[in-house]
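Have a look at the structure below, then the notes.
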Amino acid sequence: MRKMTLALTTLALAAVGFAVPATAHASAGCNAAWPGRDGNVRAWKDWDCAGGLLGVTAGNDSNWSDGSGGFQGGAGNAASSVMNSGYVGGKDVVAFYYFSNYSGGYGCLKPGELYVDDLTRDHFTDGHSMNDNILSHQWVTESACAAGSFIS
């Protein structure tokens with residue numbers, strides 16, 4: 001009788017488990033922010049694609065601190081995470097620069113990397129930390145980036 005009671009209790013608990021719908025939780029951070037391939041580059045103020053979106057554009061932006069382009073005003077020297085959701089083929093790598101007008105050191109983000117969730121791990125080709133130091137970006141081919149300039 002005891003085995004029968006245990007079996008019925010187990011069966012009842014299993015039935016309740018199937019009757020209560022599971023709640024899906026969205027993943028946080030850059031995984032949740034990934035839009036799919038939409039042709040854009042994005043940057044966020046904080047790590048893991050949080051703290052406010054600084055800008056989105058399918059084009060180049062020679063000065064993240066001016067009033068034009070996809071990144072404006074407070075976007076300059078503020079990014080801690082970046083994303084490349086550009087289309088694959090041709091100029092599909094984003095080169096981020098230490099100075100405006102695509103100058104100074106740079107770091108390149110391939111489309112296959114999708115995003116960098118913490119720029120404190122990465123450095124421009126001139127050795128400066130990329131975190132809170134990006135002032136411009138442009139779309140380039142992979143061959144335009146030197147060995148050792150790719151960020152992840």
Side-chain angles (χ1 to χ4, degrees), residues 13-152:
L13 288 173
V16 169
F18 286 117
V20 177
T23 303
H25 296 283
S27 62
C30 293
N31 284 335
W34 175 251
R37 292 272 163 226
D38 65 358
N40 290 302
V41 58
R42 292 172 170 75
W44 286 264
K45 183 170 176 43
D46 295 332
W47 302 318
D48 206 18
C49 303
L53 185 63
L54 296 172
V56 178
T57 185
N60 300 330
D61 194 330
S62 64
N63 190 341
W64 283 21
S65 293
D66 66 8
S68 64
F71 295 83
Q72 299 181 13
N77 293 328
S80 290
S81 52
V82 293
M83 182 177 287
N84 177 350
S85 58
Y87 300 117
V88 177
K91 292 185 176 181
D92 59 3
V93 174
V94 182
F96 297 97
Y97 294 86
Y98 186 63
F99 291 123
S100 59
N101 298 311
Y102 322 118
S103 61
Y106 64 92
C108 293
L109 181 59
K110 294 179 183 181
E113 284 294 327
L114 307 184
Y115 57 80
V116 175
D117 62 355
D118 182 358
L119 284 170
T120 62
R121 298 185 304 250
D122 293 288
H123 294 83
F124 293 106
T125 54
D126 64 4
H128 287 97
S129 171
M130 289 188 74
N131 190 57
D132 294 337
N133 281 321
I134 298 172
L135 277 175
S136 61
H137 82 273
Q138 68 179 332
W139 294 91
V140 300
T141 61
E142 186 173 338
S143 63
C145 299
S149 67
F150 294 98
I151 61 175
S152 61

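- Within the structure, salt bridge (charged side-chain N to carboxylate O under 4.0 Å, His left out) contacts touching residues 94-108 (residues at least two apart or in different chains) do not occur.
- Under the 4.5 Å side-chain criterion, counting only non-hydrogen atoms from C-beta, I134 is in contact with F124.
- F71 places none of its side-chain heavy atoms less than 4.5 Å from the side chain of N63.
- Ring pair Y97/Y106 is tilted by interplanar angle, where 30° to 60° counts as tilted.
- Shown here are the salt bridge (Lys or Arg N to Asp or Glu O under 4.0 Å) partners of E142, two or more places apart in sequence or in another chain: K110.
- Sorted by first and then second residue, the pairs that involve residues 57-152 and meet disulfide (SG to SG under 2.5 Å), not counting sequence neighbours, are C108-C145.
- No donor-acceptor contact under 3.5 angstrom links the side chains of S85 and N40, judged on distance only.
- Among residues two or more places apart in sequence or in another chain, the salt bridge (Lys or Arg N to Asp or Glu O under 4.0 Å) test is passed with D66 by none.
- Partners of D118 under the side-chain contact (heavy atoms from CB on, under 4.5 Å) rule, at least two apart in sequence or in another chain, are W47, T120, R121.
- Between the side chain of D48 and the main chain of C30, a donor-acceptor pair closer than 3.5 Å is present.
- Taking every heavy atom of both residues into account, S152 and E113 meet most closely at CB-OE1, 3.2 Å.
- Within the 4.5 Å cutoff, no side-chain heavy atoms of W139 are placed close to those of V93.
- Contact detail for H137 and Y102: the closest heavy-atom pair is O-CE2, 2.9 Å.
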Could you list the donor-acceptor pairs under 3.5 angstrom formed between side-chain atoms of residues 74-84 and any protein atom two or more places apart in sequence or on another chain?
residue : atom : partner : partner atom : Å
S80     : OG   : K45     : O            : 3.1
S80     : OG   : N131    : OD1          : 2.7
S80     : OG   : D132    : OD1          : 3.3
S81     : OG   : D46     : O            : 2.7
S81     : OG   : C49     : N            : 3.0
N84     : OD1  : G86     : N            : 2.9
N84     : ND2  : D92     : O            : 2.9
N84     : ND2  : L109    : O            : 2.9

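- Side-chain atoms of Y115 and N31 include a donor-acceptor pair closer than 3.5 Å.
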